[in-house]
Amino acid sequence: MKLHQNIRSSMSFAPTARSRAYIAAGLVLTLGGLAACKDNSLLQVTDPDVLPLAAYNTPAGADPLRIGVIGDFTTGFDGSSDGYTVQVGNMSDELITSDTFNDRLEINARQSIEVNSTTQGVYTNLQRARANADAAIKILVTTQPTPTFNRGELYMLRGYTELFLGEAFCSGVPFSSEDGTTKTYGIPQTTNQIMIRAAASFDSAIALADTSKRVLYGAEIGKARALLNQGSFAGIPAVVANVPQSFQLLTYHDASAGSNGMWGAADNGGTRYEVTTSEGINGLPFLADHSDPRMSWTPSTRNGFNSSFTKLPTENKYGRYTSGVVDDGIDAKLMVIEANLNAGAGSQTSFDAEYAALNALRASGPPTGTPAMTTGSPTTMTAAVSLLYQERAYWNYLSGHRLGDMRRLVQIYKRNAEQVFPTGALTLPLIGNYGTSTNIVIPQSEKNNPNFQGCLPGA
């Protein structure tokens with residue numbers, strides 16, 4: 001599955017030209033049209049690279065439109081070295097910025113502001129993928145009613161963009177729409193409302209999945225994650241009961257469709273980011289254990305874009321064209337473990353069950369070869385949650401989960417943000433101190449929406 005321009009707000013939905021392809025890269029897709037020059041008839045030619053909207057309102061046009069949405073999604077998720085997975089890692093404790101540009105330094109230092117071109121790009125790409133999916137769904141209803149899993153796939157991708165916007169950005173993201181010439185500006189949504197919205201998109205995907213297990217399992221995991229973010233633990237086990245542990249929902253990268261953004265961010269030459277360990281007092285020791293294949297890395301002699309960063313570690317999870325993991329069956333199992341832990345009401349039996357289940361995952365993978373834990377079961381709920389979230393961080397390393405997990409520790413488990421997020425002095429050679437942001441601020445461009453005045457109160 002190859003799951004991508006700069007919009008002014010969440011209103012824009014024109015598919016991007018030269019979107020990544022699903023099966024064949026390089027398909028050219030856009031809803032816009034180039035105005036012909038009125039003064040020179042020699043310039044009044046038909047450009048086969050540009051299609052009017054009406055061209056997609058056919059069975060033949062529906063597939064390229066759907067493929068364009070998949071491309072939009074890939075670009076937003078991990079098709080850029082400043083994409084979603086990278087920015088989530090930069091705001092959390094997975095990456096630090098080996099750069100000189102303030103846009104990246106602010107996010108790493110937990111000093112997120114609304115005027116930031118890097119986070120603007122992430123927000124733009126996710127909103128575009130979501131709005132393009134809306135447009136494509138409407139066209140597929142009439143032009144390609146079967147197979148239904150094509151629409152299911154679009155609902156699934158829409159659900160993940162909503163999920164990511166809710167997990168990474170502050171409360172108050174609006175969801176605008178456009179139907180022909182009618183624009184409807186979205187009302188700011190709380191984080192909980194966004195999760196309800198995402199769950200509804202995943203429900204639609206599940207209902208339309210038909211014979212596609214990829215759509216079904218991907219949507220079931222997405223819905224469980226939306227429930228997790230609401231603290232609605234009880235419903236999670238049933239939602240993902242049939243998801244195989246080996247399942248992975250992937251993005252794809254190749255020479256024609258583009259590199260994996262995490263590789264470009266952290267491994268390619270003088271990179272703008274560096275994988276890190278024990279960042280800012282509270283950060284997890286991601287690089288401490290060379291025997292753990294979930295966070296494999298090797299030393300290098302590379303310098304960062306900021307030459308003060310030397311001998312950058314090279315993470316081995318993603319190569320240049322490695323598929324990105326949107327979510328997988330391991331995460332489904334982890335969410336069930338968390339649901340069962342909360343159902344156990346803090347009993348030692350529930351702590352023992354959690355410990356055994358986490359070790360069972362280590363034994364089975366993928367990847368295999370993760371050594372078993374030997375510390376013994378936790379004896380308090382606080383310790384049990386900490387253990388679980390450490391394991392979540394290791395299994396979901398560099399895949400866009402970590403910031404949502406850290407925010408959940410604050411929102412659902414009521415932990416002090418300064419005991420969860422990097423804090424204190426910045427990692428050398430950076431100078432200064434971490435700020436207090438626990439999310440990425442919605443970009444200023446969204447204020448073109450008259451309903452939007454800024455982030456809503458709360459986390």
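Numbering starts at 1 and runs along the sequence shown.
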Going by distance alone, is a donor N or O of one side chain under 3.5 Å from an acceptor N or O of the other, for Tyr397 and Glu315? no

Going through the distances and angles, do Tyr434 and Glu279 end up as a side chain to side chain donor-acceptor pair (under 3.5 Å)? CA-CA 11 Å; Tyr434 287 95; Glu279 181 188 4; 2.7 Å; yes

Separation between OG (Ser80) and CG (Asn125), nearest 0.5 Å, reads 7.0 Å

Check whether any side-chain heavy atom of Ile442 sits under 4.5 Å from a side-chain heavy atom of Lys447, and report yes or no. no

Between Lys138 and Asp134, is there a salt bridge with N-O shorter than 4.0 Å? no

Salt bridge between Arg110 and Glu418, side-chain N to carboxylate O under 4.0 Å? yes

Taking Glu167 first and then Arg407, would you say they form a salt bridge - that is, a charged N and a carboxylate O separated by under 4.0 Å? no

Does the separation of the ring centres of Trp297 and His290 fall below 6.0 angstrom? yes

Within a reach of under 6.0 Å around CG of Asp289, are more than 12 heavy atoms found that belong to other residues, nucleotides or ligands? yes

Contact between Pro237 and Asn340 at the side-chain level, heavy atoms closer than 4.5 Å - yes or no? yes

Find out whether Val215 and Asp210 are in side-chain contact, i.e. whether some heavy atom of one side chain is under 4.5 Å from a heavy atom of the other. no

Would you say the side-chain atoms of Glu153 and Ser212 include a donor-acceptor pair closer than 3.5 Å? no

Are the side chains of Gln127 and Phe175 in contact, using a 4.5 Å heavy-atom criterion? yes

Indicate yes or no: does Arg402 engage Asp405 in a salt bridge with an N to O separation below 4.0 Å. no

Is there a side-chain contact between Trp395 and Asp331, using heavy atoms and a 4.5 Å cut-off? no

Does NZ or CZ of Arg294 fall inside the cone over Tyr394's six-membered ring, less than 6.0 Å from its centre and within 45° of the axis? no

Run the side chain to side chain donor-acceptor pair (under 3.5 Å) check on Glu106 and Asn116 step by step: do they pass? CA-CA 9 Å; Glu106 289 163 356; Asn116 184 301; 3.1 Å; yes

Please examine the side chains of Ile412 and Leu228, heavy atoms only from C-beta on, and report whether any two atoms are closer than 4.5 Å. no

Considering only residues two or more places apart or on different chains, which pairs with a residue in residues 237-246 satisfy salt bridge (charged side-chain N to carboxylate O under 4.0 Å, His left out)? none

For Asp78 and Thr251, does a side-chain donor sit closer than 3.5 Å to a side-chain acceptor? yes

Side-chain heavy-atom pair Val243, Ile221 within 4.5 angstrom cut-off: yes

Show the atom names and distances, to 0.1 Å, of all donor-acceptor pairs under 3.5 Å that link a side chain in residues 199-206 to residues at least two apart or in another chain.
from	atom 1	to	atom 2	distance (Å)
Ser201	OG	Arg158	NE	3.0
Ser201	OG	Arg158	NH2	3.1
Ser201	OG	Glu162	OE1	2.8
Asp203	OD1	Lys223	NZ	2.8
Ser204	OG	Ala200	O	3.3

Give me the one residue out of Val122, Leu403, Leu95, Leu398 that meets side chain to side chain contact (heavy atoms under 4.5 Å, CB included) with Val88. Leu403

For residues Gln87 and Tyr273, is any side-chain donor paired with an opposing acceptor at under 3.5 Å? yes

Any side-chain heavy atom of Phe421 within less than 4.5 Å of one from Val410? yes

Are Arg104 and Asp82 ion-paired here, with the side-chain N under 4.0 Å from a carboxylate O? yes

For side chain to side chain donor-acceptor pair (under 3.5 Å), just list the numbers for Asn108 and Thr97, CA-CA rounded to whole Å, side-chain angles, deciding distance to a tenth of an Å, and then say yes or no. CA-CA 6 Å; Asn108 178 242; Thr97 300; 4.5 Å; no

Could you walk me through whether Ser117 and Asp103 pass the side chain to side chain donor-acceptor pair (under 3.5 Å) check? CA-CA 6 Å; Ser117 62; Asp103 287 356; 2.2 Å; yes

On the ring face of Tyr413, is Arg408 found with NZ or CZ under 6.0 Å from the centre and within 45° of the axis? no

Tyr252 and Tyr321 aromatic centres sub-6.0 Å: no

